[in-house]
Amino acid sequence: MKSHLLQWNPTSGWSALPEHFGPVSLVLCFADRHLLSDPDSLALAGLLAQCPGALVASCSTAGEISGASVTDALASALVLSFRGTTVRGECIPVSPGSDSTVIGRELADRLRGPGLRHVFVLSDGLFVNGTRLADGLNAALPAGVSASGGLAGDGSRFQETCVGLGNELGSRRVVGIGFYGDAFQVAFGSQGGWQAFGPRRLITRAEANVLYEVDQQPV
């Protein structure tokens, strides 16, 4: 496997792939939502042009990570080239009232196939219950197949998120990428946390991870 990180800015566009990088198998693009949803934006078009024939999955963010730095309102893309591993993508629309557990199971069913080793998921961050999505996915995947991924962001706006494959992007979507082949190995980790701010409040009503009432007042 070979990998390279590309960066985009409105002045110079995308940085270039190294010479002789070879055929690109998969691109994971993370960008500000407006760069992905705006049809006049050149960010995604330039990426697709630089990586013809590759599977390109995009996800809006609340900050684009590039190496050890984090930027806002820009884009970064991880470009991957595999030898002995194939990739396949599926995108499922999320209708209002959909059960996230069912969507997870459907995604696993679509990606199931000979040699499946791992599933990477990018999901709408506002209309999908990530816990239930993961539960459904893991319950339906064959034994020994792992899964990782995350939910799309929208900066500090929390209005709409954007996910998709190729140039088919939008809100209310879940994307899954399957990695196939005996040569494929994967490891992953996660870290999270909160910094306290504002007055202390008491949650007085919640169901699962949905908050309804704080200090006996509707949120």
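Counting heavy-atom neighbours within 6.0 Å of Arg117 CZ, excluding the residue itself, gives a total above 12.
Evaluation of the ring pair (Phe, Tyr, Trp, His ring centres under 6.0 Å) test over residues 56-81, restricted to residues two or more places apart or in two chains, returns none. Within the structure, the salt bridge (charged side-chain N to carboxylate O under 4.0 Å, His left out) test picks out the following pairs touching residues 64-88 (sequence neighbours left out): Arg88-Glu90.
Using a cutoff of 4.0 Å between basic side-chain nitrogens and carboxylate oxygens, Asp32 and Arg157 are scored as salt-bridged.
Under a 3.5 Å cut-off, the side chain of Ser100 and the backbone N or O of Leu133 do not form any donor-acceptor pair. Here the side chain of Arg172 pairs no donor or acceptor atom with the backbone of Phe127 at under 3.5 angstrom. Proximity of a side-chain donor or acceptor of Thr101 to a complementary backbone N or O of Gly136 within less than 3.5 Å is not detected. At distances below 3.5 Å, not a single donor-acceptor pair connects side-chain atoms of Lys2 with backbone N or O atoms of Phe82.
Residues Gln159 and Arg33 have side chains that bring a donor and an acceptor to within less than 3.5 angstrom of each other. Side chains of Thr204 and Glu213: a donor on one and an acceptor on the other come within 3.5 Å.
Rounded to the nearest 0.5 Å, atoms CG (Leu141) and CZ (Arg112) are 7.0 Å apart. Note that CZ of Phe120 is 6.5 Å distant from CD1 of Ile177, once rounded to the nearest 0.5 Å.
Residues Val186 and Ser146 meet the side-chain proximity criterion, which asks for heavy atoms closer than 4.5 Å.
Applying the side-chain contact (heavy atoms from CB on, under 4.5 Å) test between Leu26 and each of Thr85, Leu80, Thr86 identifies Leu80 as the sole match.
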Side-chain donor-acceptor contacts of residues 44-59 below 3.5 Å, not counting sequence neighbours, with atom names and distances?
unit_1	atom_1	unit_2	atom_2	d
Gln50	OE1	Leu17	N	2.9
Gln50	NE2	Ser15	O	3.4

